[in-house]
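Okay, structure first, notes after.
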Amino acid sequence: MLIGTAYFFLNHTILSTQRVYNQTDVETNLRIGANRISREIRQATAIYLISNSTIEFQLPDAKRIQYYYDSSTNEIRRLVHGVGYNPVVNNIKSVKYYRMEMNNASPNYNTIVIEIEGAIITKNSNGQKVFDDVRKLQTKVTPKLLRK
């Protein structure tokens, strides 16, 4: 009986530790993704919202950078001049880019809002993805060269 009780507490401790580790990993991925994307957007000379989950912009050195969400791998990826397969972060549930509107007046087209949702991703018995413990991060970025 004593061994059974010890096993129960040990198993519970291991599962709790693993869950905290996974939550920390998701939160770290959200911060890394938002930081990398916003750092490059701050340098942009032009911004193009291709879709809700894809943004493209041009840097002063004429590089065209694109960040997009790949739902099949749950990654945010980065392309340079439309070439490359560069995963930036994983464990992502969704990404949304949009232009910020100021006080329901005319939009400030230079400020971009980035919303990233991350989650612990597992598969159920049917092989479908399950998003558990979803975390959300939002940040706003205005490129230095496009500020009014």
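Owing to the predicted nature of the structure, the values given are computational and were not obtained by experimental measurement.
With T45 contributing its side chain and P60 its backbone, the two residues share no donor-acceptor pair below 3.5 Å. With hydrogens and angles disregarded, no donor-acceptor distance shorter than 3.5 Å links the side chain of D70 to the backbone of N74.
Using a 4.5 Å heavy-atom cutoff, the side chains of R135 and K93 are not in contact. V88 has its side chain out of reach of E75: every pair of non-hydrogen atoms, C-beta onward, lies at least 4.5 Å apart. In this structure, I114 and V141 have side chains that are in contact, with non-hydrogen atoms separated by less than 4.5 Å. When side chains are defined from C-beta on, T139 does not count as touching N35, because their heavy atoms never get closer than 4.5 Å.
The shortest heavy-atom contact between A119 and V134 is CB-CG2, 3.9 Å. Scanning both residues, P143 and A44, for their nearest heavy atoms gives CB-O, 3.6 Å. Among all heavy-atom pairs drawn from A34 and S38, the shortest one is O-OG, 2.7 Å. Here the closest non-hydrogen pair linking N91 and I121 is CA-CD1, 3.7 Å. What you find for P87 and Y85 is that their closest heavy atoms are CD-O, 3.4 Å.
Under the 4.5 Å side-chain heavy-atom criterion for Ile, Leu, Val, Met, Phe, Trp and Tyr, V95 and I32 are members of the same hydrophobic cluster. Residues I50 and Y97 do not share a hydrophobic cluster, clusters being chains of Ile/Leu/Val/Met/Phe/Trp/Tyr side chains in contact below 4.5 Å. Residues L79 and V89 fall into different hydrophobic clusters, defined by Ile, Leu, Val, Met, Phe, Trp and Tyr side chains chained together at heavy-atom separations under 4.5 Å. Taking hydrophobic clusters as Ile, Leu, Val, Met, Phe, Trp and Tyr residues chained together by side-chain heavy-atom distances below 4.5 Å, F131 does not share a cluster with I116. In this structure, Y68 is not a member of the same hydrophobic cluster as F57, with clusters built from ILVMFWY side-chain heavy atoms closer than 4.5 Å.
Evaluation of the side-chain contact (heavy atoms from CB on, under 4.5 Å) rule for T24 yields V20, T28 as partners, not counting sequence neighbours.
Atom OG of residue S53 and atom CD1 of residue I76 lie 9.5 Å apart, to the nearest 0.5 angstrom. Here the CD atom belonging to Q138 is positioned 4.5 Å from the CD atom belonging to E115, to the nearest 0.5 angstrom. The NZ atom of K136 sits 11.5 Å away from the CG atom of L30 when rounded to the nearest 0.5 Å. The distance from the CD atom of Q23 to the CG atom of D133 is 4.5 Å, given to the nearest 0.5 Å. The structure places CG of N29 at 11.5 Å from CG of L137, a figure rounded to the nearest 0.5 Å. With rounding to the nearest 0.5 Å, the separation of CD1 in I41 from CD1 in I55 is 4.0 Å.
Using a 4.0 Å cut-off between charged side-chain N and carboxylate O, R78 and E40 make a salt bridge.
Residue pairs meeting the salt bridge (Lys or Arg N to Asp or Glu O under 4.0 Å) criterion with at least one member in residues 123-132, sequence neighbours excluded, are R19-D132.
Donor-acceptor pairing under 3.5 Å is lacking for the side chains of Y48 and Q66. For the residue pair R77/Y67, the side-chain donor-acceptor check at 3.5 Å is not satisfied.
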message = One pair to check against side chain to side chain donor-acceptor pair (under 3.5 Å): S94 and E117. What are the steps and the verdict?
response = CA-CA 5 Å; S94 69; E117 284 186 326; 2.9 Å; yes
key: Derivation and outcome, side chain to side chain donor-acceptor pair (under 3.5 Å), residues N52 and Y69   = CA-CA 9 Å; N52 284 346; Y69 171 64; over 6 Å; no
Candidate pair I65 and V80, rule side-chain contact (heavy atoms from CB on, under 4.5 Å), full reasoning = CA-CA 5 Å; I65 306 293; V80 179; 3.8 Å; yes
